Amino acid sequence: MSETNRGGAAIAGVVLLAAAVGGFLYLREARERPAPAPAAATAPIEAPVAAVEAPAAPSHPIEDAIVDAPAIGGDVPALPSLPDSDAAAIEALLDLLAGDAIPAWLVPEYVIQRTVATIDNLPRAKIASNISVARATPGALAIEGDGETRTLSAANHARYAAQVDAFESADTAALVAGYVRLYPLFQQAYRELGQPDAYFNDRLIEVIDHLLAAPDVAPPLA
């Protein structure tokens with residue numbers, strides 16, 4: 001798989017278009033109103049109309065990532081709609097991981113929406129399994145000892161080795177390029193998740209910082 005092809009790889013989402021019809025409705029209503037009576041000597045003072053606050057600007061604009069992302073060569077296909085994005089998201093992921101089969105850990109429906117929901121929930125105390133983009137890893141949690149001295153077994157590492165190896169071998173620059181290209185779908189999914197005035201890239205960086213702040217605890221883990 002060439003680097004340029006892999007540049008389109010990554011699951012993503014955003015672009016919200018806003019439209020206003022209030023002005024049109026107001027003007028139509030004004031035309032249908034009867035003509036006002038002659039003005040009195042002293043015209044009443046109208047209360048000022050409160051300004052509508054615009055959504056805050058993103059703390060981490062996606063344009064900043066575009067500067068660092070490598071250019072994607074060749075013809076770049078148009079983005080699908082969010083409801084029809086599963087095929088493109090899965091193809092992008094397979095390109096990134098240089099694979100041919102859908103990974104066993106991936107839930108292949110609503111991939112972008114589930115990815116956004118999973119990332120958004122990572123700093124929380126619980127992640128609902130019904131919104132996760134990843135299936136539970138097979139096998140039982142391996143422990144050593146008994147009673148009050150139980151610790152996690154090193155055998156647990158093997159359960160996650162395939163996933164860790166796959167993502168560690170992925171081209172980070174290609175991942176960033178794909179994320180930037182598909183960011184409109186990420187953003188749309190984030191707003192549909194209930195964040196109409198927020199930006200997914202801001203949340204992603206917040207979650208990354210949260211994960212990086214996790215303490216590095218030496219084994220054995222009680």
Side-chain angles (χ1 to χ4, degrees), residues 1 5-6 8-14 79-144 150-172 174-179 181-195 200-201 203-214 216-217 219-222:
M1 185 67 61
N5 287 338
R6 290 172 64 188
I11 306 170
V14 83
L79 293 182
S81 66
L82 182 60
D84 298 324
S85 62
D86 281 344
I90 292 172
E91 180 181 2
L93 181 63
L94 293 180
D95 283 348
L96 184 67
L97 301 180
D100 297 323
I102 297 176
W105 52 263
L106 178 72
V107 179
E109 295 86 20
Y110 306 105
V111 177
I112 289 177
Q113 296 92 323
R114 287 177 179 272
T115 299
V116 168
T118 300
I119 291 173
D120 183 56
N121 276 269
L122 282 177
R124 309 185 197 281
K126 295 181 179 180
I127 301 178
S129 59
N130 64 321
I131 65 169
S132 176
V133 72
R135 303 184 191 276
T137 302
L141 182 68
I143 60 174
E144 296 175 351
R150 291 182 296 175
T151 60
L152 289 178
S153 170
N156 281 302
H157 300 319
R159 297 171 60 208
Y160 302 94
Q163 294 95 310
V164 172
D165 290 344
F167 281 102
E168 285 188 341
S169 64
D171 187 317
T172 303
L175 174 63
V176 173
Y179 170 68
R181 185 177 71 84
L182 299 177
Y183 182 71
L185 299 180
F186 272 126
Q187 179 65 14
Q188 181 182 345
Y190 190 51
R191 295 195 171 184
E192 291 182 2
L193 189 64
Q195 303 291 343
F200 178 70
N201 197 53
R203 180 58 172 168
L204 175 63
I205 292 177
E206 180 183 356
V207 171
I208 290 173
D209 288 342
H210 170 82
L211 296 177
L212 291 176
D216 188 7
V217 183
L221 299 177

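Reckoned from all heavy atoms, side chains included, excluding hydrogens, waters and symmetry mates. From a predicted model like this one, the values you see are computed outputs, not experimental measurements.
- The shortest side-chain heavy-atom distance between Ile127 and Leu122 falls under the 4.5 Å cut-off.
- Counting only distance, with no hydrogens or angles, the side chain of Asn156 and the backbone of Ser153 share a donor-acceptor pair below 3.5 Å.
- Note that OH of Tyr160 is 14.5 Å distant from CG of Asp165, once rounded to the nearest 0.5 Å.
- Atoms CD1 and CD1, on Ile90 and Ile102 in that order, are 4.0 Å from each other to the nearest 0.5 Å.
- Between Leu93 atom CG and Leu175 atom CG the span is 9.5 Å, to the nearest 0.5 Å.
- Here the OH-CG distance, from Tyr110 to Leu82, works out to 10.5 Å after rounding to the nearest 0.5 Å.
- Taking each heavy atom of Gln113 and Ser85 in turn, the nearest pair found is OE1-OG, 4.5 Å.
- For the pair Glu192/Val116, no side-chain contact is recorded, criterion being any heavy-atom separation below 4.5 Å from C-beta on.
- Scanning all heavy atoms of the two residues, the minimum distance from Val207 to Pro123 falls at CG2-CG, 3.7 Å.
- Remark: the backbone N or O of Glu109 is not paired with any side-chain donor or acceptor of Asp86 at under 3.5 angstrom.
- Atom CZ of residue Arg114 and atom CG of residue Asn121 lie 12.5 Å apart, to the nearest 0.5 angstrom.
- No donor-acceptor pair under 3.5 Å is formed between the side chain of Arg150 and the backbone N or O of Ile143.
- Residue pairs satisfying the side chain to side chain donor-acceptor pair (under 3.5 Å) criterion with at least one member in residues 125-143, sequence neighbours excluded, are absent.
- Taking each heavy atom of Ile131 and Thr118 in turn, the nearest pair found is O-OG1, 3.5 Å.
- The shortest heavy-atom contact between Ala166 and Leu97 is O-CD2, 3.8 Å.
- For the pair Ala89 and Ile112, the tightest heavy-atom approach, listed with the atom from each and the gap, is CB-CG1, 4.0 Å.
- In this structure, the separation between CD1 on Ile119 and CZ on Phe200 is 4.0 Å, given to the nearest 0.5 Å.
- Closest approach of Leu221 and Val217 over heavy atoms only: CD2-CG1, 3.3 Å.
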